[in-house]
Every structure is written in C-alpha cells, then in structure tokens.
Amino acid sequence: MIRSVRGVHDILPAEAGKWRRVERAAREVFEAYGYEEIRLPLFERTELFARGIGEATDIVQKEMYTFDDRSGESVTLRPEATAGLLRAYIEHGLHVLPKPVKLYTLGAMFRYERPQAGRYRQFHQLDVEALGDEHAALDAEVIAMLVELFRRLGLADRLSVEVNSLGDEASGCRPRYRTELVAYLRAHAAGLCEECRERAEKNPLRALDCKRPECRPVLDRAPALGAFLCADCTTHFARTREYLAALGVRHVVSPRLVRGLDYYVRTTFELTTAELGAQNAIAGGGRYDGLIKLLGGPPDPGIGFAVGVERVVQLLPDADREGSAEHRARVFVIPLGEAALKGVLPAATALRARGVAVEVGHGDRKLGRELERAGRLGVGHVVIVGEAELERGEAIVKEMKSGTQRAVKLGELVEALLALGGRA
RNA sequence: GUGACCGUAGCUCAAUUGGUCAGAGCACUGGACUGUGGCUCCAGGGGUUGUGGGUUCGAUUCCCAUCGGUCACCCCA
C-alpha cells in the first residue's frame, strides 16, 4: 500500500464541513472589512524566503521544503504566505492602488518539521495583509477583524488576545533594547538554562519567552522593552490600544510576546488558547514596516496575520448528524427495474439542474433495502417508481419522516419536489 | 534534529508467564421480509498481527533495525 507522506493529512468528508465553515466565515469577515482575495503560487524562488523571513531564522535554516527544479533553480514550497504576497504586490505594482491595499489568501503551507499536535508538514493558513498604511487605527482594525472571525465561529470566549510592541528597527529603539538585553543576559548567564544562554547570542528576544521555571527570576527582572520604546513607537502602541478599546476588543499586553520572524516591528499580536497543548497559538501577526522595501519594493509599511486552520478546526465541535448531511442528497429516487430507471432519469436530471441534490438507485435492489439506504442518508423524500406507476405515468413521493406518500404525475414531479423546497 | 510512548480487520479494541489466539463490537454485503425504511435474527467478505531480520520446536507476545502514529523539546500558525 502506498501511504501518504509523513506529516501530511487527508481531510475526509466527515471533517471537510468544518473546513468549509472556517473558510466561508473567513471570506465573509475579511470581505466585510474590505479585503480582496489574492491567489498565490505554492512555491517561490528560495531567495524570496531567505530574504523575507530572515536567513537566521529556524524556518529558513532547517524547516524549508527546498529543492532544485530541472533547470537547476532552487525553489521552495512556501512556509508562510506573507513573502509571496508581498512579492506579488511589488511585481504587479499593486502599490499604486488606494492605500491601504487590503489582501487575503488562504491555502497550504509547508515546513519540514517533525509532526506534533497542531503542527504538520503541510498545514493551512488564512493570511491577511494590509499594505501602505501605518496608522494605529489600522493595527486595531486588523486585530478586531481577527477577533470578529473567531466570534463568528463561536470560539471567541475560548481565546485570549495578546498584544505587544517590539519597537522599530529604523528609529533604533529595538536595536538599543536588544543591546541592553544581551548585556543583561550575559551578565546573569549563571541563572539561565543552557538554551537561554544560546538564545542570548542568537535570538535574545526569544529568551524572554522561556518556559523553564529556573530562568524566571532572571528573566522577570530583565529590562522591559516598553521602557525602551521611542516616542513614536510608544505613541503608536498607546493609540493602537485606545482604538482597540473603542472597538471593544478585550486584550492583554504581553511583554514576552516576541514573534519568531525577523521582520516584525511595533505591533505584534497573538490569539492563544489553553486547549491545544503545546501549540497554543492559533493565530498571530504583526507589523512589518521595512519588509516591502527589503524585498525590492516601495518603502510601504504593512501589517498582517496568519491563522492556523488546523488549530481552528480542532476547536470546532463535531458537526451533528443533521449538519453533516447538509450537502447530501435531498431526494432519493428508487426505480424498481430497468424500465423504471430509464423512465425516471430525465426527471432526476431536471431536478439536479434546478439545484436539488438527487441520488438515484440502480433499479436492481429490493425496495426495502433502498428505503433503508435512503433513511441512513438522511434524505427528506424518496421517489418510488415501479412498473405499476410507470404504466400510469406516475411516481410515488414519500416523506421519510412521516412515512406519508402520494402519487404524482411524472411530468409534474420536478415542480412537486421543488415545491417541497427547504423541507426536502 | 533530540527524547518518550505506541503500531492486531475500514473503525474501536481483545488474545492468561511465547503454545489452535487470529477474535469481538461497529461498519459493509446478502438472506429471513416476491413492491415500503431506520428494530431484530442469521450468514458472508475482509488481516502475510506496519515492514525486514533475529532468538525459539513454536512469536501478536521476546530482541534489533526500519517505516509510520502520538506527545514533548527546538521552533512556530
């Protein structure tokens, strides 16, 4: 047997309904906020991710699906959507559109990682980016929209919203803080775990998020980023929070919220849940004002987020029997014998053309068996056509729930069933 | 990349210290019920016990390897 590749999963019909719910809700919410869909390639030149995500990040160093195509060019299955979306924004000159340019996309991403709860090699994200506008009101609107998505999915009260400001590379407040933090971590290396001592050199901000209790005393007294923010960043963050309050978005400031990608500046945010084990982040994003320029585009600011669809789906309750039958056949046609089958096919086709889902039996089974199948498929009505009915040019329409049935002329069958409408 | 636990029918799981132990329930197909269902009863199909080696008279059971699953670390959505 040929099995699927490690870390990838089939989404079977029983689960697909939940995915559709999530995707439908996302489209509705994003479009209500003025975002338009953009569809992007699943792979890009490796260089794009190396530059956009950061050479030093784990994603680029050890988690990318990278290979050479037949021309010898190195390409990579996208590990996230932002880099490719910005590439398209630059390549097609979308920056000439009225700002902010609001785009969303959804689909599969790939990372070569060891599978774990909520983390797979092919995973799916909803990705939203608002480009060319740095107003704090936009930061708040983006976060509010994300919360609205989860409210609509009935999950809002199982999530918490964390926000932080990382300062700015350009204004220098983040570099200043990083220098200070590294000095502090080195000075107190004795009180830190080995990993944190490494982080102090590699990625100092991430040390703040260490889960080991022995590191807490040192880390809790580390210099706080907030105190180092420049005047502009301080104001931007304060105003973002004011707008969030005005939008009614409850949130907590989490000084340790330091995202893993190099390009984030100023506002960062995350939606977390206590229900998914170690992979507790369900969505996250932030501002990346220098990234578009870094990728060769105009000096436009940007802010966006990604939602892990697998993690959202895990939080959704299983659809009940009614819900899962939503898209199944609503009418089950049971011909008895070959002649009846041929006689009823035109009506079935006509119904399908009118948007009614129809399942047609093959005419070679016992009526009782077919009714049993119809019952288990959960259809509302069955149409029975036997030889006797065929001779009279009729069919029997039976309502499954009540068991009542009546004869209908074959020529009037389509209209009769359509008239049953939603109750079918 | 590191570690822990796990791998028997499509699914959920049984199989006493290695000795008819390859089974049950659900699901599927057919029959009881010659054209009226969701119940019941009966029967059937389906497994080289993840794969490959090894120990043994004999391995689902013990050992090694490998592949996969799960969870955690690293990191991250």
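Just so it is clear, the values below take in all heavy atoms, side chains as well, and ignore hydrogens, waters and symmetry mates. Fair warning: this is a prediction, and the values are worked out from it, not measured in the lab. Chain letters run A, B, ... following the sequence lines, proteins first, then strands; residues in each count from 1.
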Can you check the distance between [N] and [M], where both ends of the measurement are the [atom1] atom (answer in whole Å)?
N      : M      : atom1 : result
B:rC63 : B:rC42 : C1'   : 46 Å
B:rU60 : B:rU51 : C1'   : 15 Å
B:rU36 : B:rC26 : P     : 26 Å

| message | Does this structure show an ion pair linking A:Glu37 with A:Arg27, if we count only N-O contacts that are shorter than 4.0 Å? | response | yes
Counting distance alone, no hydrogens or angles: does the base of [N] have a donor or acceptor under 3.5 Å from a partner atom on the side chain of [X]?
X        : N      : value
A:Arg114 : B:rC73 : no
A:Arg376 : B:rA27 : no
A:Gln116 : B:rG69 : no
A:Arg369 : B:rG31 : yes
A:Lys366 : B:rU34 : no

| query | Would A:Phe30 and A:Tyr104 count as a ring-ring contact (aromatic ring centres under 6.0 Å, His included) if you check the C-alpha gap in whole Å, the side-chain angles of each, and the deciding distance to 0.1 Å? | reply | CA-CA 7 Å; A:Phe30 298 162; A:Tyr104 77 90; 5.5 Å; yes
| message | Nearest to the A:Arg119 side chain among B:rC75, B:rC67, B:rC76, which nucleotide is it? | response | B:rC75
Counting any heavy atom closer than 4.0 Å, what does [X] reach on the DNA or RNA strands: base, sugar-phosphate only, or nothing?
X        : answer
A:Arg6   : sugar-phosphate
A:Glu310 : nothing
A:Glu113 : base
A:Glu370 : nothing

| task | Give the rounded distance in Å between these two atoms: CZ of A:Phe332 and C1' of B:rG38. | result | 14 Å
| request: Decide yes or no for A:Phe110 and A:Thr76: does some side-chain heavy atom of the first lie under 4.5 Å from some side-chain heavy atom of the second? | output: no
| request: Answer yes or no: is there a donor N or O on one side and an acceptor on the other, between the side chain of A:Thr46 and the main chain of A:Ser74, under 3.5 Å? | output: yes
